[in-house]
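Quick note: numbers below take in every heavy atom, side chains included, and nothing from hydrogens, waters or symmetry partners. Letters go in sequence order (proteins before strands), and every chain restarts at 1. Just so you know, these numbers come straight off a predicted model, no measurement behind them.
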There are 2 protein chains.
Amino acid sequence: MTATDDHIDRLPAPALTRPTSQAERVADMLRTFIIEGELAPGVRLSEERLSRKYQVSRNTLREAFRLLSRERLLVHRMHRGVFVARPTGEDVRDLFRARRALELPAVREADRAPRELVEAVGAAVTEGEAARAEEDWWRMGSANMRFHEALAGLARSARVDEFMRQVLAETRLVFHVMAAPKEFHDPYLPWNRRIHLALVAEDTEDAAAELTEYLATSEEQLIRAFDAMDPAAET
Amino acid sequence: MTATDDHIDRLPAPALTRPTSQAERVADMLRTFIIEGELAPGVRLSEERLSRKYQVSRNTLREAFRLLSRERLLVHRMHRGVFVARPTGEDVRDLFRARRALELPAVREADRAPRELVEAVGAAVTEGEAARAEEDWWRMGSANMRFHEALAGLARSARVDEFMRQVLAETRLVFHVMAAPKEFHDPYLPWNRRIHLALVAEDTEDAAAELTEYLATSEEQLIRAFDAMDPAAET
DNA sequence: GATTGCAGTATTGTTCAACGATCCAACAAT
DNA sequence: ATTGTTGGATCGTTGAACAATACTGCAATC
């Protein structure tokens with residue numbers, strides 16, 4: 001190793017472009033379709049038709065299915081096939097218990113977290129406000145998800161981050177179960193801002209209190225919407 | 001539905017014996033081997049040899065691999081195969097951050113949890129003490145895992161429970177990375193009992209304080225052991 | 001009329017053999 | 001010592017095949 005090799009140390013970054021398998025690519029597509037609601041909860045995904053449509057073998061497709069069912073976006077029923085997950089009211093309760101477990105302690109620790117993590121929270125709120133100004137409800141929903149992802153991120157654990165992403169993806173499914181009015185996220189935007197301001201002010205207890213209330217309200221609203229739903233639809 | 005159908009309502013339970021696929025059975029075997037240390041961290045699992053050994057096709061085996069890599073027990077490297085995960089020092093820190101995020105808030109909420117969940121904590125401690133009396137170190141380790149699983153269980157979320165199980169399984173791998181002396185769990189047993197007693201007394205803050213100290217001590221010990229390890233072994 | 005029994009059909013579960021793609025170790029060339 | 005090349009091993013993916021299971025509809029039964 002000569003002195004001229006120092007160039008290398010100064011290079012951009014360890015290129016994160018890890019090779020991706022075909023199964024992962026198919027899974028990425030399906031994940032998008034599911035989260036965006038193009039594949040409605042409960043529909044069955046036929047192996048034969050999908051493998052023909054996306055030009056992959058059944059084996060490869062099944063591998064993609066496995067990736068997605070580990071994220072709870074698909075459910076696999078023996079000899080019956082895979083279906084887009086259809087969260088129940090109980091799932092909603094469970095999801096919110098999980099979110100409380102993840103988000104609240106993270107917020108309480110916020111004063112020990114590096115500044116840029118708090119800034120990520122603020123950025124998500126700002127993004128949400130911008131989306132609202134343009135009445136882009138889908139983007140607003142995404143920003144709201146990122147807001148909560150950023151909150152959990154304050155715990156600074158990669159594993160917690162990943163778990164949180166799964167929980168939020170599932171939460172998103174919930175909105176599709178009931179034809180969700182886009183304005184669902186709307187009332188929560190100012191709440192997000194308040195939480196962020198409390199974090200910046202390092203008043204973590206205030207932030208936690210706001211978040212507690214937020215979660216309770218949001219959960220209650222979702223549960224109400226579920227109970228109002230036609231139970232027969234839960235085939 | 002006639003009146004005589006009431007028998008059905010009185011039947012034992014919804015038999016949870018869901019049909020299990022071949023891939024799941026293989027995954028179960030491998031999981032046991034990994035957690036018990038028969039498959040050391042870092043070793044590569046050859047598709048061809050394993051498929052011959054367990055009389056399943058390569059495709060089915062790959063299905064099992066996917067299941068285990070979602071639990072982070074195996075890592076999949078493109079075109080190189082799957083390997084038993086080999087947690088690093090950074091992983092240990094991450095695991096403990098995750099455990100703090102999960103266990104501490106669960107403990108703080110313990111006064112709102114049903115009694116049987118607290119009893120599950122006590123049962124795990126008792127089991128650990130019994131195992132120690134018999135000098136069954138492996139059983140003692142298992143009991144310790146169940147203790148922490150029970151703590152996280154106080155949050156009453158199925159998703160949190162599953163996440164915690166994964167975190168604990170990985171933690172178990174950590175012990176295999178460094179040829180762990182069986183006495184590793186030993187000093188922690190009295191601690192577990194103190195935490196349980198605090199829970200029974202509904203002194204959740206005391207329990208949380210003890211647990212915080214416990215986790216800090218345990219993490220520090222593991223990190224020290226990691227740093228003392230031959231770095232060359234981390235190929 | 002409701003339940004049960006029994007086809008036939010469609011779909012999934014699993015296997016197998018094959019081929020291209022990629023990695024890796026060993027060697028040769030500079 | 002570094003770089004290019006080669007060959008073997010293993011993975012990624014495919015397509016076809018057969019077995020196992022679930023679903024549908026209809027006939028038989030009470």
Can a side chain N or O of [X] be found less than 4.0 Å away from OP1 or OP2 on [N]?
X      : N       : value
R58(A) : dA16(D) : no
Q55(B) : dT15(C) : no
Q22(B) : dT15(C) : yes
H76(B) : dG12(D) : yes
T60(A) : dT14(D) : yes

Could you check how far [atom1] of [X] sits from [atom2] of [N], rounded to whole Å?
X      : N       : atom1 : atom2 : answer
E48(A) : dA17(D) : CD    : C1'   : 14 Å
R52(B) : dT14(C) : CZ    : P     : 21 Å
L74(A) : dT12(C) : CG    : C1'   : 15 Å
E47(A) : dA16(D) : CD    : P     : 16 Å
L50(A) : dT12(C) : CG    : C1'   : 14 Å
R25(A) : dG12(D) : CZ    : P     : 13 Å
L61(B) : dT15(C) : CG    : P     : 10 Å
H79(B) : dG8(D)  : NE2   : P     : 20 Å

When you measure from the centre of the six-membered ring of F65(B), is the NZ or CZ of R62(B) under 6.0 Å away and within 45° of the axis?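 Cation-pi check for R62(B) and F65(B): fails.
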
For E109(B), is there an ion pair with R156(B) - N to carboxylate O distance below 4.0 angstrom?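 Not counted as a salt bridge, because no side-chain N and carboxylate O are separated by less than 4.0 Å.
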
Please determine if D91(A) and R86(A) form a salt bridge, counting it only when a charged side-chain N lies under 4.0 Å from a carboxylate O.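 The answer is no: the pair does not qualify as a salt bridge.
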
Nucleotide nearest R62(B) (side chain, heavy atoms from C-beta), chosen from dC11(D), dT14(C), dT14(D):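 Nearest to the side-chain atoms of R62(B), counting from C-beta on, is dC11(D).
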
Sugar-phosphate only, base, or nothing, as touched by R49(A) at under 4.0 Å among non-hydrogen atoms: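 Touches nothing.
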
Hey, would you say the H148(B) and Y188(B) ring centroids sit under 6.0 Å apart?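 Not close enough - the centres of the two rings lie 6.0 Å or further apart.
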
Position toward the 5' end of DNA chain D (nearest nucleotide), R80(A) or N59(A):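 Its nearest nucleotide lies further toward 5', so the answer is N59(A).
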
H176(A) and E36(A): side-chain contact (heavy atoms from CB on, under 4.5 Å), yes or no, with the steps? CA-CA 8 Å; H176(A) 293 307; E36(A) 303 213 343; 5.6 Å; no

